[in-house]
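By convention in this document, chain letters (A, B, ...) are assigned in the order of the sequence lines, proteins followed by strands, and residues within each chain are numbered from 1.
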There are 2 protein chains.
Amino acid sequence: MDIKRLEEVFRQHNLKVTPQRIAIYQELINSSEHPSAINIYERIKAQYPNISLDTVNRTLLTFAEIGLVRIVEGRGDPKRFDPNLHPHHHFRCIKCGKIIDFYNEEYDALDVPSTLKDRFIITSKRVNLEGICDECQTRSD
Amino acid sequence: MDIKRLEEVFRQHNLKVTPQRIAIYQELINSSEHPSAINIYERIKAQYPNISLDTVNRTLLTFAEIGLVRIVEGRGDPKRFDPNLHPHHHFRCIKCGKIIDFYNEEYDALDVPSTLKDRFIITSKRVNLEGICDECQTRSD
DNA sequence: TGCTAATTAGGAGTGAATCCTATATATTGC
DNA sequence: GCAATATATAGGATTCACTCCTAATTAGCA
Ligand SMILES: [Mn+2]
Ligand SMILES: [Mn+2]
Ligand SMILES: [Zn+2]
Ligand SMILES: [Zn+2]
């Protein structure tokens with residue numbers, strides 16, 4: 001998503017176009033490891049030495065609210081953010097915490113059981129795999 | 001799982017059989033809403049007024065390590081624990097945080113893509129649905 | 001029954017997230 | 001462009017969920 005389009009999205013949601021918001025989004029799409037708010041905060045300080053963690057965090061949560069990013073599913077540790085809105089799934093390493101995207105049409109096409117569809121509004125369906133990544137297997141040999 | 005079997009499991013893992021461990025496990029299987037450590041702590045204080053949160057938390061994490069419970073996947077808020085080890089999946093309400101079990105053989109039978117199987121050791125495969133539960137739909141009408 | 005290593009209670013410490021509020025700024029209407 | 005104003009931000013305080021520390025307790029074993 002280019003900046004023009006990003007600014008449009010902000011305006012569509014009555015969010016002011018601020019340099020901080022743009023920088024935070026850019027930092028997020030420039031990283032592929034599903035960073036946390038603090039990751040983004042540390043990196044963005046090079047550009048904006050005075051930015052506050054609260055701004056980064058609040059902004060990322062706002063992005064999640066308007067559907068511009070997703071919060072990755074995990075097991076209770078710091079929230080990690082994902083700017084990739086294409087249907088995809090995750091593998092998470094239980095040793096090092098790395099989260100790797102993968103694409104799979106069978107998973108995308110899974111039906112939601114009608115007992116659930118009838119009772120709930122389903123807004124997200126993801127397959128999450130966990131295990132030990134290649135690097136961690138080597139490391140612990 | 002009855003207490004006899006639970007004590008066996010503890011011993012198999014060289015964990016001492018303590019009343020706290022048993023009480024924490026019982027409290028967990030008596031609840032179906034995937035409670036957090038603090039939920040369990042609050043409830044168990046009726047029985048053990050002096051139990052510490054650290055004990056509850058440490059014990060639940062130990063249980064997770066030996067595979068006696070699972071930590072539910074969520075979006076970064078307090079860890080929630082699940083004593084149900086049968087293959088099953090979760091629907092989580094994004095409004096009230098309720099987590100509901102469901103069983104689905106199609107989901108259980110999903111193949112892991114070989115590109116992942118070759119590279120990683122897969123220890124868990126779950127389908128997570130999110131959305132708005134029936135009660136929250138009514139409430140916000 | 002006594003020894004020893006594991007476990008616990010309770011308090012301190014940590015780190016992420018959130019709240020508070022004075023200041024700054026993007027947007028709107030002139 | 002300029003002023004008005006509603007929104008957003010910085011920075012510090014606070015909250016909350018853990019996590020660590022250590023002395024006292026206890027389970028398991030000889
Ligand atoms: Mn992703
Ligand atoms: Mn469950
Ligand atoms: Zn790893
Ligand atoms: Zn709900």
Q. When all nucleic acid strands are considered with a 4.0 Å heavy-atom cut-off, which category describes A:Pro49: base, sugar-phosphate, or nothing?
A. nothing
Q) Counting any heavy atom closer than 4.0 Å, what does B:Asp77 reach on the DNA or RNA strands: base, sugar-phosphate only, or nothing? A) nothing
Q. Do you reckon A:Leu85 sits in the same ILVMFWY cluster as A:Tyr25, going by side-chain contacts under 4.5 Å, direct or chained?
A. no
(Q) Pick the closest DNA chain D nucleotide for A:Ser52 and for B:Asn57 by heavy atoms, then say which residue is nearer the 5' end. (A) A:Ser52
Q: Report the distance from atom OH of B:Tyr41 to atom C1' of D:dA17, rounded to the nearest whole Å.
A: 13 Å
(Q) Between B:His90 and B:Asn128 (side chain of the first, backbone of the second, donor and acceptor by atom type, cut-off under 3.5 Å), is there such a pair? (A) no
Q: Could you please spell out the steps behind the side chain to side chain donor-acceptor pair (under 3.5 Å) verdict for B:Asp108 and B:His89?
A: CA-CA 9 Å; B:Asp108 297 344; B:His89 307 273; 2.8 Å; yes
Q.
Measure CG/B:Leu6 against P/D:dA27 and give the value in whole Å, please.
A. 15 Å
Q. Between D:dG28, C:dG10, C:dT8, which nucleotide gets closest to the side-chain atoms of B:Thr55?
A. C:dT8
Q) Starting at CZ of B:Phe10 and ending at P of C:dT7, how long is that distance when rounded to a whole Å? A) 10 Å
Q: Nearest whole angstrom, please: distance from the C1' of D:dA8 to the CG of A:Asn14.
A: 14 Å
Q: For the pair B:Arg21 (side chain) and B:Lys16 (backbone), establish whether a donor and an acceptor sit closer than 3.5 Å, ignoring hydrogens and angles.
A: yes
(Q) Measuring from the side chain of B:Arg58 (C-beta onward, heavy atoms only), which nucleotide among D:dT9, C:dT8, C:dA16 has the closest atom? (A) C:dT8
Q. Atom CZ of A:Arg11 and atom C1' of C:dT28: how far apart are they, to the nearest Å?
A. 13 Å
Q | Minimum-distance nucleotide to A:Asp54 side chain [options: D:dG11, D:dC20, C:dT8] | A | D:dG11
Q | C:dT25 phosphate, OP1 or OP2, under 4.0 Å from A:Gln20 side-chain N/O | A | no
Q: Please work out if B:Leu60 contacts a base, only the sugar-phosphate, or nothing of the nucleic acid, heavy-atom cut-off 4.0 Å.
A: nothing
Q. In terms of side-chain heavy atoms of B:Lys16, which of D:dT26, C:dA17, C:dT27 is nearest?
A. D:dT26
Q: Rounded to the nearest angstrom, tell me the gap between atom CD1 in A:Ile44 and atom P in D:dT9.
A: 11 Å
(Q) Taking the nucleotide of DNA chain C with the nearest heavy atom to each, does A:Leu15 or A:Ile38 sit closer to the 5' end? (A) A:Ile38
Q: Between C:dA26, C:dG11, D:dG11, spot the one nearest the side chain of A:Thr18, thanks.
A: C:dA26
Q: Please figure out whether A:Arg21 or B:Ala37 has its closest DNA chain D nucleotide nearer the 5' end.
A: A:Arg21
Q) Taking CG from A:Asn50 and C1' from C:dA24, how many angstroms apart are they, rounded to a whole number? A) 12 Å
Q | Heavy atoms of other groups near A:Glu106 CD, more than 12 under 6.0 Å | A | yes
Q. Tell me: OH of A:Tyr25 to P of D:dA8, nearest whole Å?
A. 19 Å
